[in-house]
2 protein chains.
Amino acid sequence: MSVVASRLLCARDLVQASTCGDQPWSSQRQESDTLTAQDSEFTCLSEVDLFADLSSEEKDSLHERVPERRFRRGELVFSQEEPVSALFVLQEGRVRIFRVAEDGKAFTLAILEPGAVFGEMLLVGQQMYDNYAEALEDSVVCQLSVSDVEQHLLTDPRIAVRIARLLGGQAARLEERLTDLALRPLAARVAKTLLTRNEPTTARSLGARLGQRPAIRITHEQLAGLLGATREATSKVLSEFAAQGLIRQVRGRITLLDHQRLNAIARTTA
Amino acid sequence: MSVVASRLLCARDLVQASTCGDQPWSSQRQESDTLTAQDSEFTCLSEVDLFADLSSEEKDSLHERVPERRFRRGELVFSQEEPVSALFVLQEGRVRIFRVAEDGKAFTLAILEPGAVFGEMLLVGQQMYDNYAEALEDSVVCQLSVSDVEQHLLTDPRIAVRIARLLGGQAARLEERLTDLALRPLAARVAKTLLTRNEPTTARSLGARLGQRPAIRITHEQLAGLLGATREATSKVLSEFAAQGLIRQVRGRITLLDHQRLNAIARTTA
DNA sequence: TCAAGTCTGCAATCCAGGACACATACGTTC
DNA sequence: GAACGTATGTGTCCTGGATTGCAGACTTGA
């Protein structure tokens, strides 16, 4: 049992990544183009249901004190050397939360899309986390400082409930993944992950909301890290899926063709 | 990769279990005897830090409306047929939370000791859980009904924060287990689990607090279920540990002898 | 337009644990 | 104290994935 090697090194020395060149969301854009043009411009706080209960004045006032930070692909948003000191909202780009074992192997806890909140453990005082967060592409995050959090969030009962809900949902999903990892073969986990990844969970997958499911943007390696499997094994499963017409693959993105059968595979046990 | 078979059947038809005969906590008793004699008599609410912020009057008032329920060893506290409809506090006995896959294999999410709160997902509205809860021995639980919860807990900001903390801690532990399952060999997981099980986490492991660590009360099979491994594989690891003088085993209980080396093994990766 | 890095495919080999099949021992019961 | 159920010890065989090594296709930056 083990996992993708993606040594930390990879994550580190990628401080080049041109700011121009690649438009990370380019393809998504193509597909959801007809929608609102400003869907990559949201204010950190709107659209994030953690703050849904705040009036717009409150949001504005909070928003003013929220610095925005940019990370280039490969950069670490936080790590052990630079522990979580704020609550983050991913505004643009994609971020991977992961852990690294002593031997360098990594396991991915989550791959976040815009609208996601992370660093939430800060909220509940749990600090002992050796989690890392890496920008998978050039990203923009807003960070609420600890004091912001304490003043505006923990004191507000409406938000406290939202936080509880957030963490509850998280725990639920973790329980699910844990039992899947324990009880299901790789193929099932692959299928399941693809299916959930395909759902519009985050705040702004506008295109998706219209049934216009875009391709899932993920590489075999990223998927493997999320599954606790090797890239090779994951690739094999995906190839088989493709051969059976369940999915279509194009370098870095996967389109689901047969939800039905994928679902069946996801429920597989032995 | 897979797991203990303990078909659900086992959990069901155990409706005999003598009420007299065995005193579940008998051995613990022996070891913490010198302490307070009423440590198995706590009021559901005191000692449970979820309610720590309530005044004793509040606790009393709440306590009156809290029915106590007894379950015999093997009985299900909740299941899919009888979904979670309340928030439970384990007062006496031990309860196992688990899930069952389509093929009958089970994975144990937690084994709870007195003072533990469960059914917490109810708190955050998440309902889609196919979790089961089974009494591992004759047990007593208090149950707060949904309306109790809504009136007294969700509305109270102090408690909302406690809930968030509870769920946060849970998520943290799940993340840990998930990455361990993905990255560490069985032996490491066994060692780690033993070590954490040995810590006094729950509200009342009074004996333990004095460094007087009692034996861990768990069978190989239960441990295996918790680890996502087979009973056989788990047994083998434990035998090796015993042979190396790391632990001592007596039918149904395990005593740790060499925390040092166990810790080293727990950090093992390949 | 070329070189370097990234992503995916493929195959051979290895091995931790799973699946089974028993055997023994302990404890509970009557 | 006989008998059954539960807990543990072992052994064999078998397989899903891990490991390793490499090759071809795409992308991207300069």
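Just so it is clear, the structure is predicted and the values come from calculations on it, not from any experiment. Just so we're on the same page: letters track the sequence lines, and every chain starts at 1.
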How many whole angstroms separate atom CG of Leu183(B) from atom C1' of dG17(C)? 17 Å
Within the 4.0 Å limit for protein heavy atoms, which parts of nucleotides 21-26 of chain C are touched? Write it as a string from 5' to 3', B for base, S for sugar-phosphate only, - for none. ----BB
Flag side-chain contact, heavy atom, 4.5 Å: Val140(B) against Leu90(B): no
Looking at Gln249(B), I'd like to know whether one of its side-chain N or O atoms comes within less than 4.0 Å of OP1 or OP2 on dG9(D). yes
Less than 4.0 Å between a side-chain N and a carboxylate O, is that true for Glu75(A) and Arg69(A)? no
Please determine whether a side-chain nitrogen or oxygen atom of His220(B) lies at a distance below 4.0 Å from atom OP1 or OP2 of dG9(D). yes
Check the side chains of His220(B) and Ser235(B) for a donor-acceptor pair under 3.5 angstrom, ignoring hydrogens and angles. yes
Please give, in whole Å, the distance from dT6(D) C1' to Arg253(B) CZ? 14 Å
Test salt bridge (charged side-chain N to carboxylate O under 4.0 Å, His left out), reference Glu175(A), set Arg173(B), Arg99(B), Arg177(B), output is Arg99(B)
List the atom of Thr193(B), the atom of Leu226(B), and the distance in Å for their closest heavy-atom pair. CG2-CD2, 4.3 Å
Residues that Lys192(B) engages under salt bridge (charged side-chain N to carboxylate O under 4.0 Å, His left out), provided they are two or more places apart: Glu176(B), Asp180(B)
Taking any heavy-atom pair under 4.0 Å as a contact, classify Leu238(A): base, sugar-phosphate, or nothing. nothing
Hey, does the side chain of Thr219(B) come within less than 4.0 Å of dA7(D)'s phosphate (OP1/OP2), counting only N and O? no
Nearest to the side chain of Ala229(B), heavy atoms from C-beta on, is which of dA18(D), dT8(D), dG18(C)? dG18(C)
Check every atom of dG9(D), dA19(C), dT8(C) against the side chain of Lys105(B) and return the nucleotide holding the closest atom. dA19(C)
Does a side-chain N or O from Ser235(A) land closer than 4.0 Å to OP1 or OP2 of dT8(C), or not? no
Looking at the side chain of Ser239(A), which of dC7(C), dG9(C), dA18(D) is the nearest nucleotide? dG9(C)
Name the residue from Arg73(B), Arg96(B), Arg94(B) that meets the side chain to side chain donor-acceptor pair (under 3.5 Å) definition with Glu134(B). Arg96(B)
Just the rounded figure in Å: distance from P of dT6(D) to CZ of Arg73(B). 7 Å
How many whole angstroms separate atom CG of Leu223(B) from atom P of dA7(D)? 13 Å
To the nearest Å, give me how far apart CZ (Arg184(A)) and P (dG18(C)) are. 17 Å
Distance, rounded to the nearest Å, where Lys236(A) contributes NZ and dT13(C) contributes P: 14 Å
Atom pair distance, as rounded to whole Å: CZ in Arg217(A) and P in dT8(C): 12 Å
Expressed in angstrom and rounded to an integer, what is the separation of Gln222(B) atom CD from dT8(D) atom P? 8 Å
